[in-house]
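Note sheet for the following structure.
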Amino acid sequence: QAGVEASADGLNWAESPCFANPRDWKPNQIMFYLPLLAGFAVLPVARSLQANSLRQEHVHVKRTGASATVSVPPPGPPRLFPLVQEMFTDEACCSSLHPEVVIATLMHPELGSMRLKRAMDRGQKRLRSLVTNPPPAFYDASQGLGQDPRDEDTDQDVTVTHIYFDISEIGSTEWHQLTMKTPVSYSIDCEEGVCMVKSTSEFGAIAALDSTLPQLFAAGGRARFKKLSINDWPDFPVRGLMIDLGRRFVPKEALIAEIIEGMSLVRMNLLQMHLNDFCRFALSLPSFPELNRSGIFEGQYSEEDMKEIITEAHDRGIRVVPEVDVPGHANGLFSLEDQGLKICKPGSFRTARPEEAGKVFDDSEGESRKVLSQVFAETAKIFGDEHWMHLGGDEASPQEMCDEDNIVSIEGYIASDVIKKQLHKTPLGWQELRMKPNDTDGETSVGNNETILVAWGSASAAEELLSKGHRVIVADLPHHYLDFDSTVHTINDFWYDMTRDVSPHYVESGFLLGGMSAMWTDQYCFQYQCGAVSEQLAISLGVLPRAPGLFGREHDETFVSSLAGMIWPRAGVSAAAQWNFEKTMSSSEVLERANWLASFLQHVGKVQSCPPGCHCTELSACDRPYEDTSRHPV
């Protein structure tokens, strides 16, 4: 096929002329690729014979394969969520992927990274699968956003045989390094059976491969256009998701298949791993075997596990940021007392709230600082060249020896001396790090204005933190917290305009970095906050965990289904708002697109999601319980 050898196992990179020295190209290869290099103006002439010969084979495969019907895309332009910034289409029916559509690049082989090659191989397999194993009908097509599978003549379809990638800034630092400043813009132009994807970095190409192209052809490999042009870029550089691993452990395989894969399908680019809380420290560190726990608290990532997670995330354009939460929410570190870590315990355990739980104490001898410095250093080493590191700082109310001065002292040491000076990284923290009763204390805790803060408590928190000179990520509870069922925090709550509650100049200056959905796992604890604080108080307040029976590792499979149902599609709606918020979109259209997205995640991305039109809780999906999740596991 035009000199590009393809197989069911993916691309043969060594045989592809796109990865060969142009000096070695044969005359017929030069004649084929010259129109591509010259542009689309002469492309139809170069493609016509091949498109005609492949079209009949394409129709034959579809009609004699496992599915005897042809998916007909709904009327109107292609359905995409997140919305792209600019799209032109003739809305003619239809373009159809060839069953062996080839994805290739015009780059010299020495300039193509293994990451891009893996992405192209992944994308090629997914797009081919849409044709050879088409997904079932998406939710109700009568609502305008679903598929309508039925027999229809495809003889007039344009058959898409090749998708080419052209990356302009090959060899530059930003081309292959994943940072907040990495450009992820891209364009897609399809005409006469060929699609060309252009970007300035490999991560723009990956966004098109993992998200936009599969969405375009979600209807069994067919899309309602014969000519298409897309220009796309995000409104904000940070579109994130925080996962709480310090309470309920999330298995590595599920983190990759259900979380990271889902994020890539909606163009999210930052995964914050909340490594410790009341139940555990979720990462095995070589110098601290005391952190390894067994029994009901079993669950840690090895260094090899974490490197695999990070590689899978980076392959999809997603940064992975570690959070070591101190001085509060730090019970997972308390087994390091024998190593010298000093702690304060609640004075009155029977009435202690989570913010009044035990804390790390900043002792005058510096023992706690020594231990924490090593914990942060070993964690940072495992996370490689990630240049952000989160130190927590949330819900640390003064108590006993851990008074306000002591809390401020240890926070300031970690932010300034450890993360910034020792590790040469940018500190992140929750809003409490800066929002102290005494503003001078807040200045000490953050070290300086380079510390990035996550605003979660109220709509006004972001404006207050921005006014103090900090860059801010918005994760306010009503619009970003996923640990409330979908009847409490509805899909439309996540379609949120982050600019609504901040002054325009903070948006224009780039200080408002973006948003982050948050999935806390309190509701899966086998007892309230793993026994770190008063269960009697939780009973009186009616805040006992709703799914304690899913805490044990023997329930991993059911827990993962529950967790994914809480996250998707709502986190995808939030990501869509951060990529391109359309102010005129009605609540009914948001709901329709969210339902379409839930089907896309399930049937195309193979990611578990709360089904379209359903309400999901930790205990059930569509009012059907996962299992007996209300009972105590021990």
Side-chain angles (χ1 to χ4, degrees), residues 241-260 262 271-284 291-302 305-306 309 320 322-325 328-335 354 357 392 394-395 481-485 517-533 535 538 543-568 570-571 607-610 616-621 625-634:
L241 175 64
M242 188 284 303
I243 300 292
D244 173 14
L245 307 163
R247 292 183 176 91
R248 209 320 182 164
F249 183 73
V250 180
K252 175 192 71 176
E253 296 77 12
L255 196 65
I256 294 170
E258 309 294 348
I259 307 302
I260 291 173
L271 174 63
Q272 179 178 316
M273 301 186 75
H274 183 79
L275 293 172
N276 67 288
D277 215 292
F278 294 127
C279 308
R280 77 184 75 247
F281 189 87
L283 179 63
S284 181
L291 294 173
N292 303 337
R293 305 186 72 179
S294 58
I296 196 157
F297 293 107
E298 186 271 327
Q300 273 192 321
Y301 304 110
S302 67
D305 288 338
M306 189 56 68
I309 290 166
V320 185
E323 178 190 353
V324 179
D325 200 353
H329 289 269
N331 292 55
L333 294 168
F334 287 179
S335 59
D394 58 319
E395 297 183 329
Y481 272 41
L482 298 158
D483 54 317
F484 295 81
D485 71 52
S517 297
M519 182 63 212
W520 300 99
T521 55
D522 310 48
Q523 301 303 330
Y524 299 100
C525 290
F526 70 96
Q527 66 182 103
Y528 185 57
Q529 303 299 356
C530 289
V533 290
E535 187 153 301
V543 292
L544 285 174
R546 291 188 290 269
L550 291 182
F551 190 81
R553 295 297 308 279
E554 67 273 18
H555 298 290
D556 273 356
E557 183 176 352
T558 304
F559 161 72
V560 169
S561 296
S562 171
L563 182 77
M566 296 294 288
I567 294 173
W568 308 115
R570 293 183 298 171
V607 170
Q608 297 185 72
S609 170
C610 187
C616 291
T617 72
E618 293 89 352
L619 302 172
S620 65
Y626 291 113
E627 63 174 33
D628 185 8
T629 54
S630 60
R631 59 185 175 82
H632 203 289
V634 293

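No experiment lies behind these values; they were computed from the predicted model shown.
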Hey, does Phe484 have a side-chain heavy atom less than 4.5 Å from the side chain of Met566? no
Which heavy atom in Leu619 sits nearest to a heavy atom in Ala547, and how many Å separate them? CD2-CB, 3.7 Å
ring-ring contact (aromatic ring centres under 6.0 Å, His included) partner of Phe297, the single match among Phe281, Phe278, Phe526: Phe526
Partners of Glu557 by side-chain hydrogen bond (donor to acceptor under 3.5 Å, both in side chains), sequence neighbours excluded? none
Could you walk me through whether Gln523 and Asp483 satisfy the side chain to side chain donor-acceptor pair (under 3.5 Å) test, starting with their C-alpha distance in whole Å, then the side-chain angles of each, then the deciding distance to 0.1 Å, before giving a yes or no? CA-CA 8 Å; Gln523 301 303 330; Asp483 54 317; 5.5 Å; no
So how far is it from Ser517 OG to Leu241 CG, rounded to the nearest 0.5 Å? 6.0 Å
Partners of Cys525 by disulfide (SG to SG under 2.5 Å), sequence neighbours excluded? none
Asp244: which residues meet the side-chain hydrogen bond (donor to acceptor under 3.5 Å, both in side chains) condition with it, sequence neighbours left out? Arg247, Thr521
To check you understand the geometry: which heavy-atom pair defines the closest contact between Arg553 and Gly299, and what is its length? NH1-CA, 3.6 Å
Begin with the C-alpha distance, continue with both residues' side-chain angles, and end with the deciding distance and a verdict on side chain to side chain contact (heavy atoms under 4.5 Å, CB included) for Leu544 and Glu535. CA-CA 8 Å; Leu544 285 174; Glu535 187 153 301; 3.7 Å; yes
Taking atom CD1 of Ile567 and atom SG of Cys610, what is their separation to the nearest 0.5 Å? 12.0 Å
Which residues pass the ring-ring contact (aromatic ring centres under 6.0 Å, His included) test with Phe334, not counting sequence neighbours? none
With sequence neighbours left out, the residues meeting side chain to side chain contact (heavy atoms under 4.5 Å, CB included) with Ala257 are none
For Leu291 against Gln300, the heavy-atom pair lying closest together: O-NE2, 3.3 Å
Holding to salt bridge (Lys or Arg N to Asp or Glu O under 4.0 Å), I want the full list of residues that pass it with Arg570, two or more places apart in sequence or in another chain. none
Taking side chain to side chain contact (heavy atoms under 4.5 Å, CB included) as the definition, give me every residue that meets it alongside Glu395, ordered by chain and number, with sequence neighbours left out. His329, Glu355, Glu432, Trp456
Phe249: which residues meet the ring-ring contact (aromatic ring centres under 6.0 Å, His included) condition with it, sequence neighbours left out? Tyr301
Min side-chain heavy-atom separation Asn292-Ser284 under 4.5 Å: yes
Measure the OG1-CG distance between Thr558 and Leu563 for me, rounded to the nearest 0.5 Å. 12.5 Å
Applying side chain to side chain contact (heavy atoms under 4.5 Å, CB included), run through Met273 and Ile243 and close with a yes or a no. CA-CA 6 Å; Met273 301 186 75; Ile243 300 292; over 6 Å; no
Contacts of Ser609 meeting side-chain hydrogen bond (donor to acceptor under 3.5 Å, both in side chains) (sequence neighbours excluded), chain-then-number -> none
With sequence neighbours excluded, tell me which residues meet salt bridge (Lys or Arg N to Asp or Glu O under 4.0 Å) with Arg293. none
Which heavy atom in Glu323 sits nearest to a heavy atom in Gly392, and how many Å separate them? OE2-CA, 3.4 Å
Least distance between heavy atoms, Ser561 atom then Tyr626 atom: O-OH, 3.5 Å
To the nearest 0.5 angstrom, please state how far the CG atom of Leu245 sits from the CG atom of Leu255. 6.5 Å
Apply side chain to side chain contact (heavy atoms under 4.5 Å, CB included) to the pair Met242 and Met519, showing each step before the final yes or no. CA-CA 6 Å; Met242 188 284 303; Met519 182 63 212; 5.8 Å; no
Pair Thr617, Arg546 - check side chain to side chain contact (heavy atoms under 4.5 Å, CB included), show working. CA-CA 9 Å; Thr617 72; Arg546 291 188 290 269; 6.0 Å; no
Salt-bridge present (Asp556, Arg248; N to O < 4.0 Å): yes
Qualifying residues under side-chain hydrogen bond (donor to acceptor under 3.5 Å, both in side chains), relative to Asp305, sequence neighbours excluded: Ser302
Reported CG-to-CG distance for the pair Asn276 and Asp325, which is rounded to 0.5 angstrom: 5.5 Å
Rounded to the nearest 0.5 Å, what's the gap from CD on Gln527 to SG on Cys279? Could you check? 9.0 Å
Yes or no on side chain to side chain donor-acceptor pair (under 3.5 Å) for Tyr524 and Ser562, after CA distance, side-chain angles and deciding distance? CA-CA 10 Å; Tyr524 299 100; Ser562 171; 2.7 Å; yes
Hits for salt bridge (Lys or Arg N to Asp or Glu O under 4.0 Å) against Glu253, two or more places apart or cross-chain, chain-then-number order -> none
